[in-house]
Number of protein chains: 2
Amino acid sequence: MKILVADDHGLLRDTLVAFVASAGDAETHTAPDLNGALDVVVDHGPFDLVLLDYNMPGMNGLDGLEKMQALEGAHHVALLSGEASRSVAEAALEAGAAGFVPKTLSAKSLVNAIRFMVSGEQYVPVDFLASGTERKDSHPLARTLTMREMQVLEGLTEGKSNKEIARDLNLSEPTIKLHVKTLYRKVGAANRTQAALIAREQGLF
Amino acid sequence: MKILVADDHGLLRDTLVAFVASAGDAETHTAPDLNGALDVVVDHGPFDLVLLDYNMPGMNGLDGLEKMQALEGAHHVALLSGEASRSVAEAALEAGAAGFVPKTLSAKSLVNAIRFMVSGEQYVPVDFLASGTERKDSHPLARTLTMREMQVLEGLTEGKSNKEIARDLNLSEPTIKLHVKTLYRKVGAANRTQAALIAREQGLF
DNA sequence: AGCGCTCCTATCCTTCTGGATAGGTCATTA
DNA sequence: TAATGACCTATCCAGAAGGATAGGAGCGCT
């Protein structure tokens, strides 16, 4: 079994490799970014499984996934991600990814997932599908916000004015201002710029 | 040597513990969030070193660091972070953190850093301090901005008002407004929120 | 029915933003 | 010396943002 772990966090890379190695008969390679990963596959391939960090230099969303899949030496390609975004996971699986692995997973479960994916199955953690209706439930910040407030916050993270957000959501401007205000209290922001930055830092949108 | 690793990414937690355990004589505990970490320290303390993930539920910026430092059982508290933000690192160290550990660090370096911090030193990766002054010269966006505009832009990325920025830089508010306006033209922003988001996306500050 | 919650709308008012314009210093350079 | 460019200050003004407050519709729960 030959797998490649590509992640810009050396800490995760090194420890993960050590763990996988101690857990079974795997030959493991690593890379710190997408280009490095592509090179490794070309030079040392083929690999049974390639794990790509979603937030790694060069990835550019799902572009990186597709580039890797285009190579001969990558039999199965899965995504690894820090924040559990349901929409990204769905898009990845639809694009033919072997799986979507949130970093909140335990190391033991990951080893099982790796075996699963190497044998050709598609892996998604169960509590991911179960949350079906609300993809953002998993997020600490998102839990305290109502649906409308989330929609307004999304507008803020795009640098829109209250008027623009009102138009987008088919609401009146005063309504948006209300949501904006209550939303500030909940996330601890003093103005719209801080709210947008906080949302981005938390990995929302 | 007794250390606590608090991170919401089970994957990192598990593998890191396994690695540290295999590398030396450390007793390691873990927690998935800040409250869990506080409980562990109270119940199983004291710890020689506590590693807190900056983007973990309950952290709320540096509040979590201070809460942990307030406990008797946490001798040294360090921050662990995925994105290497210089300003956060500085603020953390100023608040008395034992260190700032980016996840891009290698596992081997981390083990060394842990020993270093346990013996009472403050740890920061070297390429972190060096990058401060020069990093911004090389940046595409930064080249077109004057020094003042950069300082003002930095204020924007912290969600400050013009008045606050003026106070920080010992300038008058109208002057800030001028820089803000010209800065919008240069980076292609329609308002301060967009300017802040663009700067962050470009990796500035 | 009554209660509590979320959501939508509205008005009043103060402060902040953003744009336009104008005039000043200072250092560098032709 | 004159010109240029970066930087600081200022005033005017329209519009946006933000806070306070209040009322009403819809929904689930007791």
Side-chain angles (χ1 to χ4, degrees), chain A residues 131-137 139-200 204-205, chain B residues 133-134 136-200 204-205:
Chain A
S131 66
T133 46
E134 297 309 317
R135 68 186 165 121
K136 286 165 185 167
D137 275 4
H139 204 285
L141 237 186
R143 260 199 302 275
T144 69
L145 298 181
T146 65
M147 194 138 313
R148 278 301 188 193
E149 286 161 356
M150 282 295 284
Q151 292 174 326
V152 172
L153 181 55
E154 182 168 11
L156 291 183
T157 62
E158 289 162 12
K160 291 178 179 171
S161 67
N162 290 336
K163 195 174 291 183
E164 287 175 314
I165 298 174
R167 189 161 25 76
D168 290 352
L169 299 179
N170 280 316
L171 294 176
S172 73
E173 194 184 343
T175 304
I176 302 302
K177 293 176 76 168
L178 170 73
H179 290 312
V180 167
K181 188 181 40 169
T182 57
L183 176 160
Y184 287 171
R185 264 195 295 102
K186 292 188 180 178
V187 306
N191 53 52
R192 59 179 46 225
T193 302
Q194 284 184 14
L197 292 171
I198 290 171
R200 281 288 177 91
L204 289 167
F205 312 113
Chain B
T133 44
E134 68 178 315
K136 293 169 183 169
D137 293 350
S138 58
H139 205 283
L141 237 186
R143 261 199 303 275
T144 69
L145 298 182
T146 66
M147 195 140 314
R148 279 301 190 195
E149 286 161 355
M150 280 297 282
Q151 291 174 327
V152 172
L153 181 55
E154 182 169 10
L156 291 184
T157 63
E158 287 161 14
K160 290 179 179 171
S161 67
N162 290 336
K163 194 174 291 182
E164 287 175 312
I165 298 173
R167 189 161 25 76
D168 290 352
L169 299 179
N170 280 316
L171 294 175
S172 72
E173 194 183 342
T175 305
I176 303 302
K177 294 175 74 169
L178 170 72
H179 290 312
V180 167
K181 188 180 40 168
T182 57
L183 176 161
Y184 287 170
R185 265 194 295 102
K186 290 187 181 178
V187 305
N191 53 51
R192 59 179 46 225
T193 301
Q194 285 183 15
L197 292 171
I198 289 171
R200 281 288 177 90
L204 261 51
F205 310 112

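Below, each value reflects all heavy atoms present in this structure, side chains not excepted, and no hydrogens, waters or symmetry copies. All chains are named by letter (A, B, ...) in the order of the sequence lines, taking the proteins before the strands, and each is independently numbered beginning at 1.
- Separating the NZ atom of B:Lys177 from the P atom of D:dA17 is a distance of 15 Å, rounded to the nearest angstrom.
- Comparing B:His179 and A:Val180 along DNA chain D, the residue whose closest nucleotide (by nearest heavy atom) sits nearer the 5' end is B:His179.
- Without hydrogens or angle criteria, B:Glu149 side chain to B:Leu183 main chain gives no donor-acceptor distance under 3.5 Å.
- The nearest whole Å value for the distance from the CG atom in B:Leu153 to the P atom in D:dC7 is 14 Å.
- Between B:Gln151 and B:Asp168, the closest side-chain pair of non-hydrogen atoms is not below 4.5 Å.
- If you check every strand for non-hydrogen atoms under 4.0 Å, B:Lys163 touches sugar and phosphate atoms only.
- As judged by a 4.0 angstrom heavy-atom cut-off over every strand, A:Thr175 is placed among the base-contacting residues.
- Contacts between residues 167-174 of chain A and DNA chain D, counted as heavy-atom distances below 4.0 Å, involve no residue at all.
- Sequence order on DNA chain D of the closest nucleotides to A:Asn162 and A:Leu178 puts A:Asn162 first from the 5' end.
- One can place CE of B:Met147 at 12 Å from C1' of D:dC7, the figure rounded to the nearest angstrom.
- Closest to the side chain of A:Ser161, from the set D:dC7, D:dA16, D:dA20, is D:dA16.
- Between B:Gln151 atom CD and D:dA6 atom P there is a gap of 16 Å when expressed in whole angstrom units.
- Distance CZ (B:Arg185) to C1' (C:dG18): 13 Å, rounded to an integer number of Å.
- Protein atom CD of A:Gln194 is 11 Å distant from nucleotide atom P of C:dT17, rounded to whole Å.
- Between atom NZ of residue A:Lys181 and atom CD1 of residue A:Ile176 there is a gap of 13.5 Å, rounded to the nearest 0.5 Å.
- Between A:Ala195 and A:Ala189, the shortest heavy-atom contact is N-CB, 3.5 Å.
- Counting to the nearest Å, the C1' atom of C:dC5 and the NZ atom of A:Lys186 are 11 Å from each other.
- Side-chain contact between A:Leu171 and A:Ile165: absent, with no pair of heavy atoms (C-beta onward) separated by less than 4.5 Å.
- A distance-only check finds a donor-acceptor pair linking the side chain of B:Arg192 to the backbone of B:Lys160 [under 3.5 Å].
- Nucleotide D:dA10 holds its C1' atom 14 Å from the CD1 atom of B:Ile176, rounded to whole Å.
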